[in-house]
Amino acid sequence: MKKIISVLFPVLILVMQCAGISVHAEDVSGYIQEIISYKSGGDTVQNWIDGSLSENAGITSEWYILALSQSGNYDFSSYQNALQNYLDNTEIYSASSRLKYALALASAGTDSPYIQESLENSIGQQGIMSWIYGLHLLNNGYVCESCSAEDAVNQLLSMQLEDGGWAIMGTAGDIDVTAMTVQALAVHYWANDSVHDACDRALAFLSERQLAYGGYQSFGTENLESTAQVVTALSALGIDAFSDERFIKDSATLLTGMLDFRQPDGSFGHTRDGGCNETATIQAFYTFIAYQRMQNGQGSLYLLDNIGTEELPEEETIPPEPEEPVPETVQNPENPDMPETTVIHTETAVIRTETSTSTASGTETSTSSGTETASAQTETSTSVSGTSTSGTSIHSTAMTETSALLTEIITETQHSEISEIPAISNHSDNFPLWKKTALAVILGAGILTAVIFWILKKRNWKNYLVIGILMLTASGIVLFIRIQTPEEYYHQSPVQKENAVGSVTITIRCDTLAGKFTSEYIPEDGIILDTVEIPIQEGDTVYQILTETAQAYGIQVEHGSNYYISGIQYLYEMQYGDLSGWMYRVNGELPSVGCGEYLLHDGDIIEWLYTCEIGNDLE
């Protein structure tokens, strides 16, 4: 069947182009090469595979390996051995993650028994994502005694919602999950009328949800990952995602929507102002390769070239390395050690600078990529790029965020992080000795500079004006900032509010990790913060209460832009599987908006919970 599809696909593309379905194609090779240069530090692709991708096997390399296997002829033996070693020594609790690793092994060309074992014991065991990943394996010729490809297709068709989309939970379609489902069903689009109709309904849903700038938002947040998943889905169907009229809004295309999140170094961000994000960059990479395969008539990204063929493709579709490489690499996040922290307060915010050995990229739970959750898209805020599910904090195809009081710049070398947290009242002495000393130094330096200019006979009044401006600027900075130690910032005292209109309770738990994983940050009982009562003022949000509570009780919180929560107490999204991350509930319900938008009322019960399965494992 794969051979038949590989022969018919180019013909199909030609027919569709003649019919006006796809009228032109964008050259995306430059974007692919920029990401390779960014990730490899300008080295060759093979050295990248043998180096950092093999070193991070099982952590963040899998989607890069799948994309590379579908774009060129490389030796993946080093990665195969590294991933097999990781799987032999790591217990994988998530069914979806097991299937993802099986797909990665298959794409690397190994016949490891792990592939068949995962398919037999994991397909359908973790909701829709395990059906999607399982169907990808079945589409590539793997056989499961308990479930055929037809069974998986029918199961996914039965899960389609009334609006034409699919979702991990709830009754409203999610962009990321819908696109990922279409990617799995695409192989059967032309042979199965039911699949054809279901995918057409999904395309109408995706077209309707596209925003004026060309991209998408999940749970209120515009993000890269959701757009990338849609492009990958359309490419699997043989549709030129960047020129199809159904996906052009106000002259903006899906490519416009993706490039909105492109960073100067060639990487991509989960949000526009959030800097480089690992999940977003990975998804942009394999999306451009999926589109390039569509251009070349090579078929879906997930129909693996090296299965059922005697040799890998002879020609690479990735352009040659540039002569002037970009010397920058991105490390994979691991469980970070406790960082040394310096906190700088301005009148309205606190800037916390941390130094740690590694961190995870951000996501808020929702379902998809670029949302506040993780779909396999990542950043699960029910988004898995770095995806947001109802007020979550995870990312599996991942998900986005809107403007806010805080901005976070995360250097993807994972060695330093800067985040802003709204300041809380009752600061200590606002004019300490260091400020007096700094002002004296500024004054002395200014006077000394003026004297030197006078001696050198550079007595133009403009010189002295510049000196005065610099002195005033430096003095202003000193007067309006305040440096605190971690002990001073985390004041270990209840939150006090003069104009309280009531109170709420908040708890922070990671029950899903307790007893399953070993980490100094995972309490034995899974309770990071037992239930405490916090006063609220008019307009307080879940985000505001979390940051105030974290400061009061000494709990580390990793903030992304636009109220995005990627980590709490050094436990990060996607750290324990593609669908893992932080989600929040209010009064037992998972809200459909980000934590920075949810307004609180007296008596509300807030729970921040770590999930490994985008909420399906929460009690």
Side-chain angles (χ1 to χ4, degrees), residues 1-2 5-6 9 62-70 83 92 94-112 114-144 146-157 159 166 168 176-189 191-192 195 198-199 202 228-229 232-237 282-283 286-287 289-290 293-294 298-308 368-369 375-378 384 396-397 577-579:
M1 177 60 73
K2 283 187 60 185
I5 291 174
S6 66
F9 197 85
E62 283 57 60
W63 299 115
Y64 282 121
I65 293 296
L66 184 145
L68 288 170
S69 75
Q70 293 290 80
L83 180 57
I92 309 300
S94 165
S96 297
S97 293
R98 289 194 294 269
L99 291 167
K100 177 197 73 172
Y101 291 128
L103 190 60
L105 287 169
S107 69
T110 178
D111 58 355
S112 169
Y114 185 92
I115 301 173
Q116 192 64 45
E117 293 169 3
S118 297
L119 186 57
E120 292 288 354
N121 62 34
S122 302
I123 188 169
Q125 298 302 306
Q126 194 183 351
I128 190 170
M129 295 308 303
S130 60
W131 286 112
I132 291 172
Y133 288 154
L135 182 54
H136 282 315
L137 290 169
L138 295 172
N139 288 339
N140 280 284
Y142 291 96
V143 178
C144 177
S146 61
C147 178
S148 66
E150 184 179 2
D151 293 333
V153 166
N154 290 335
Q155 180 62 39
L156 286 172
L157 292 179
M159 301 172 77
W166 281 269
I168 288 181
D176 299 78
V177 179
T178 299
M180 294 175 75
T181 305
V182 171
Q183 293 163 23
L185 293 174
V187 175
H188 310 273
Y189 183 74
N192 186 317
V195 171
C199 287
Q229 291 301 326
T232 303
L234 295 180
S235 298
L237 291 171
I282 290 173
Q283 292 192 32
Y286 71 63
T287 293
I289 287 178
R293 287 176 62 82
M294 181 278 302
Q298 293 175 283
S300 168
L301 177 71
Y302 292 99
L303 275 182
L304 304 178
D305 294 338
N306 60 356
I307 294 181
S368 78
S369 59
S375 42
Q377 229 183 48
T378 112
V384 173
S396 108
T397 47
D578 277 351
L579 306 182

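These figures come from a predicted structure and were not determined experimentally.
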Intermediate values then yes/no, side chain to side chain contact (heavy atoms under 4.5 Å, CB included), Tyr101 and Glu62: CA-CA 7 Å; Tyr101 291 128; Glu62 283 57 60; 3.9 Å; yes
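- Minimum heavy-atom separation, Ser107 to Ser69: O-CB, 3.1 Å.
- Taking each heavy atom of Ile132 and Val177 in turn, the nearest pair found is CD1-O, 4.4 Å.
- The line from CG of Asn140 to CG of Asn306 is 8.5 Å long, rounded to the nearest 0.5 Å.
- Side-chain contact between His188 and Leu156 is absent, with no heavy-atom pair separated by less than 4.5 Å.
- With values rounded to the nearest 0.5 angstrom, Gln183 atom CD is found 11.0 Å from Thr178 atom OG1.
- No side-chain donor-acceptor contact under 3.5 Å links Ser130 and Ser96.
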Side chain to side chain contact (heavy atoms under 4.5 Å, CB included) between Met129 and Lys100, worked out: CA-CA 10 Å; Met129 295 308 303; Lys100 177 197 73 172; over 6 Å; no
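- Contact check for Asn192 versus Leu185: no side-chain heavy atoms found under the 4.5 Å cut-off.
- Shortest non-hydrogen contact noted between Leu303 and Arg293 is O-NH2, 3.7 Å.
- Remark: Thr181 OG1 to Gln229 CD distance equals 10.0 Å, nearest 0.5 Å.
- At a threshold of 4.5 Å between non-hydrogen side-chain atoms, the residues Tyr142 and Glu120 do not count as touching.
- The minimum heavy-atom distance linking Leu99 with Ser122 is given by the pair CG-CB, 3.8 Å.
- Of the inter-residue distances, the one linking Leu119 atom CG with Cys147 atom SG reads 7.5 Å to the nearest 0.5 angstrom.
- Scanning all heavy atoms of the two residues, the minimum distance from Ala233 to Ala179 falls at CB-O, 3.4 Å.
- Using cut-offs of 30° and 60° for the angle between ring planes, the Tyr302 and Tyr286 rings count as perpendicular.
- The SG atom of Cys199 lies 8.0 Å from the CG atom of Leu157; values are rounded to the nearest 0.5 Å.
- Contact record, Ala152 with Leu138: CB-CD1, 4.1 Å, taken as the closest heavy-atom pair.
- Taking CG of Leu66 as the start and CG of Leu105 as the end, the distance is 11.5 Å to the nearest 0.5 Å.
- Donor-acceptor pairing under 3.5 Å is lacking for the side chains of Gln298 and Gln70.
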